[in-house]
Amino acid sequence: MPELPEVEVCRRLLAPKLVGRRIASVRCGPPSYFFLTPPRRLEQSLVGEPVTALERQGKYLLMALGEGRRLLLHLGMTGQLYIAGARSPRLIRRVERERLAQGSAAVESDPHTHLMLEFEDGGPGLRFRDVRKFGKVRLLAAGESDSRLDKLGRDALSVDGELLFAASRGRKVPIKTLLLDQGVLAGVGNIYADEALFLAGIRPTRPARRVTREQCARLAEQVRRVLERSIETGGSSISDYIAPDGNDGQFQNERRVYAREGEACGTCASVIKRIVIATRSSHYCPRCQR
DNA sequence: ACCGCACCCTGAGCGC
DNA sequence: TGCGCTCAGGGTGCGG
């Protein structure tokens, strides 16, 4: 489940491989929920475009093209953005993994790869694969905006306690729900919300308005720390996520609570609990988090 | 304004 | 062995 660190790792690894190249051809999968811009239009409009930069806003990637045009990309839950030729078991459907293991021949064309870009220099292209199609791709004209981007709050890497404190006043929702609100903080998802709350010693169910100024400061610091640490380790590869080179991230090995229900807390050895908050599974240590 | 919830999608894992 | 059910959750949109 790609959150800010996974998207940022993608950006850092892809930028040097894409910026300065010019798109030669585009192939798309069939129209679907995934395409905000119809695939036929992408196939026509992207040809000849130079890639001039790769930027990130929250969990969105923006590929800057010629004359102010931009390609908006979102990885959703299962999105994989990678350089053609990268290898990873996560890129192969299970039926085909089994067929390969039995020594059978080539892998069939993959129905989950929705966007393929090739470049004029003839080097390896870009692939966007997304099993569940919760990802998004949209071509933005020069000066055109996207309501999703307009609604984003402060980038989570630069959050401070005062911002959290101000945003949480008068809010009855659990503090975790506030962390997940992209309009307040852009980039935090389920994994890092749970991890930051653990590191700050705050129970995820605590009503936002009852989190003190001091706790907000601690929480903001831990949000930044956990995101930065995850970026350093290449992000979390828990279900589908891979880096653009096909490698797994390593942050899942440093999780303290996420998906550790029933295990012993690394700090106090209490049993990690799992509850549901706003339809998201949430994990915390009942002793370390009050 | 705020908040809870249904929905979009597919594959893994489980019980029978 | 295989079928059908539930769950996973980022983001949008709707109803109360």
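Computed from heavy atoms alone, side chains included, the values below leave out hydrogens, waters and symmetry copies. Predicted, not measured: the structure shown is a model, and the values here were computed from it. Within every chain, numbering begins at 1; the chains are lettered A, B, ... in the order of the sequence lines, protein sequences first and strands thereafter.
Counting non-hydrogen atoms under 4.0 angstrom, A:Arg274 reaches the backbone sugars and phosphates but no base. Nucleic acid contact for A:Ser32: none, since no nucleic acid atom lies under 4.0 Å from a heavy atom of the residue. A:Tyr258 comes within 4.0 angstrom of the backbone, heavy atoms only, and of no base.
Under 4.0 Å is where a charged nitrogen must lie from a carboxylate oxygen, and between A:Asp194 and A:Arg255 no such pair does. No salt bridge links A:Arg129 with A:Asp240; every basic N to acidic carboxylate O contact stays at or beyond 4.0 Å. The pair A:Glu162-A:Arg213 meets the salt-bridge criterion, with a side-chain N (NZ, NE, NH1 or NH2) lying under 4.0 Å from an Asp/Glu carboxylate O. Checked for salt-bridge contact, A:Arg40 and A:Glu43 meet the test: a charged N lies under 4.0 Å from a carboxylate O. Remark: A:Arg218 does not engage A:Glu214 in a salt bridge, criterion side-chain N to carboxylate O under 4.0 Å.
At whole-Å resolution of the value, CG in A:Asp240 and P in B:dA12 are 9 Å apart. The CZ atom of A:Arg138 sits 23 Å away from the P atom of C:dG10 (whole-angstrom rounding). Atom P of nucleotide C:dG11 and atom CG of A:Leu4 are separated by 11 Å, given to the nearest angstrom. Across the protein-nucleic acid pair, A:Asn190 atom CG and C:dC7 atom C1' stand 13 Å apart, rounded to whole Å. Across the protein-nucleic acid pair, A:His283 atom NE2 and C:dA8 atom C1' stand 11 Å apart, rounded to whole Å. Counting to the nearest Å, the C1' atom of C:dG11 and the CG atom of A:Leu73 are 16 Å from each other. What separates CD of A:Glu261 from C1' of C:dC7 is a distance of 13 Å, to the nearest Å. The CZ-P distance, from A:Arg169 to B:dC2, rounds to 13 Å in whole Å.
Dashed line: the shortest gap from a side-chain N or O of A:Lys136 to OP1 or OP2 of C:dG11 is not under 4.0 Å. Within the structure, every side-chain polar atom (N or O) of A:Gln182 is placed at least 4.0 Å from both OP1 and OP2 of C:dG10. Contact annotation: A:His74 side-chain N/O to C:dG11 OP1/OP2 distance is under 4.0 Å.
Formation of a donor-acceptor pair under 3.5 Å by the A:Arg56 side chain with backbone atoms of A:Leu62 is not found in this model.
Taking every heavy atom of both residues into account, A:Pro31 and A:Phe35 meet most closely at CA-CD1, 4.3 Å.
Ring centers of A:Tyr258 and A:Phe251: at least 6.0 Å apart, outside the cut-off.
A cation-pi arrangement is absent between A:Arg256 and A:Phe198, since the terminal nitrogen or guanidinium carbon is not both under 6.0 Å from the aromatic centre and inside a 45° cone about the axis.
Closest to the A:Glu3 side chain, of the nucleotides C:dG13, B:dG11, C:dG10, is C:dG10.
Toward the 5′ end of DNA chain C lies the nearest nucleotide of A:Val276, the other residue of the pair A:Lys59 and A:Val276 mapping further downstream.
Rounded to the nearest 0.5 angstrom, A:Arg12 CZ and A:Ile231 CD1 are separated by 5.0 Å.
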Under a cut-off of 3.5 Å for both distances of each Watson-Crick or G-U pair, what dot-bracket string does DNA chain C give, using [ ] for crossing pairs and | for inter-strand pairs?
.|||||||||||||||
Given protein heavy atoms under 4.0 Å, the one-letter contact record of nucleotides 3-9 of chain B, with B base, S sugar-phosphate only and - none, is simply SS---BB
